[in-house]
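This report concerns only the one structure given below.
In this text the structure is predicted, and so the values were computed from the model without any measurement. Proteins come first, then strands; the chains are lettered A, B, ... in the order of their sequence lines, and each starts at number 1.
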Amino acid sequence: MSDTSPNHLQTDARQRLYTALAGIPAGYVISYGQLAALAGFTRRARWAGQVLKHLPADTRLPWHRVVNAQGKISLPPGPAAERQKALLEAEGVMVSDSLRINLRQYAWIPPLSDG
DNA sequence: GGCATGACACTGA
DNA sequence: ATCAGTGCCATGC
């Protein structure tokens, strides 16, 4: 057993990411990097993507509200990407044909925790 | 420990 | 605005 990264800590880290993700309201999007930072892990954008990829297909978490820093759906072309586009549009988010979203309008800005 | 991979981010052309 | 190159971190072999 390796004590450099105990499984329960990894699980806890993912849990924090889930909590942060659950806090994104419908009609908004957030970048992988912002989401990770919101969960308390800066510079962990790629890790966030890995976690989302591991999510069970029947999750209720709003994984579709996560896009890259350019405001673009980061999934490879395919049914998954189209599903994300559809889910976002169903929430009123405008997604261009090139799978792009106007962050100026839809980026979620987390409330300051009591400053 | 070294090397390759990935639902990313940033900069320069 | 879009593409290519480079950097960052975590994972798996």
>> Taking dA7(B) as the reference, what is the distance to dC13(C) when you measure between their P atoms (whole Å, please)?
In response: 16 Å
> What string of B, S and - do you get for nucleotides 2-11 of chain C, 5' to 3', when a contact is any protein heavy atom under 4.0 Å?
Replying inline: S----BBSSS
> Considering the options Leu87(A), Leu88(A), Asn102(A), Val67(A), which one meets the side chain to side chain contact (heavy atoms under 4.5 Å, CB included) requirement together with Val93(A)?
Replying inline: Leu88(A)
>> If we check side chain to side chain contact (heavy atoms under 4.5 Å, CB included) with Val51(A), which of these qualifies: Arg46(A), Arg14(A), Arg44(A)?
In response: Arg14(A)
>> Pairs counted only when both distances fall under 3.5 Å, Watson-Crick or G-U: show me the 5' to 3' dot-bracket for DNA chain C, [ ] for pseudoknotted crossings and | for other-strand partners.
In response: .||||||.|||||
> Where is the tightest heavy-atom contact between Ala80(A) and Leu75(A), given as atom of each residue plus distance?
Replying inline: CB-CD2, 3.3 Å
>> If we ignore hydrogens and angles and just use 3.5 Å, is the side chain of Arg100(A) paired with the main-chain N or O of Ser98(A) as donor and acceptor?
In response: no
> Is the backbone N or O of Gln15(A) less than 3.5 Å from a side-chain atom of Thr19(A), with the two atoms forming a donor-acceptor pair by type?
Replying inline: yes
> In whole angstroms, how far is the C1' atom of dA7(B) from the NZ atom of Lys53(A)?
Replying inline: 7 Å
> Just how far, in rounded Å, is P of dA1(C) from CG of Leu103(A)?
Replying inline: 11 Å
> To the nearest angstrom, how far is Ile73(A) atom CD1 from dA7(B) atom C1'?
Replying inline: 11 Å
>> Using the side-chain hydrogen bond (donor to acceptor under 3.5 Å, both in side chains) criterion, which residues pair with Arg65(A)? Sequence neighbours excluded.
In response: Glu91(A)
> What's the spacing between Glu89(A) CD and Gln84(A) CD if we round to 0.5 Å?
Replying inline: 11.0 Å
> How far, in whole Å, is dT11(B) from dC9(C) if one measures between their P atoms?
Replying inline: 15 Å
> Are the side chain of Arg16(A) and the backbone of Ala39(A) linked by a donor-acceptor contact shorter than 3.5 Å?
Replying inline: yes
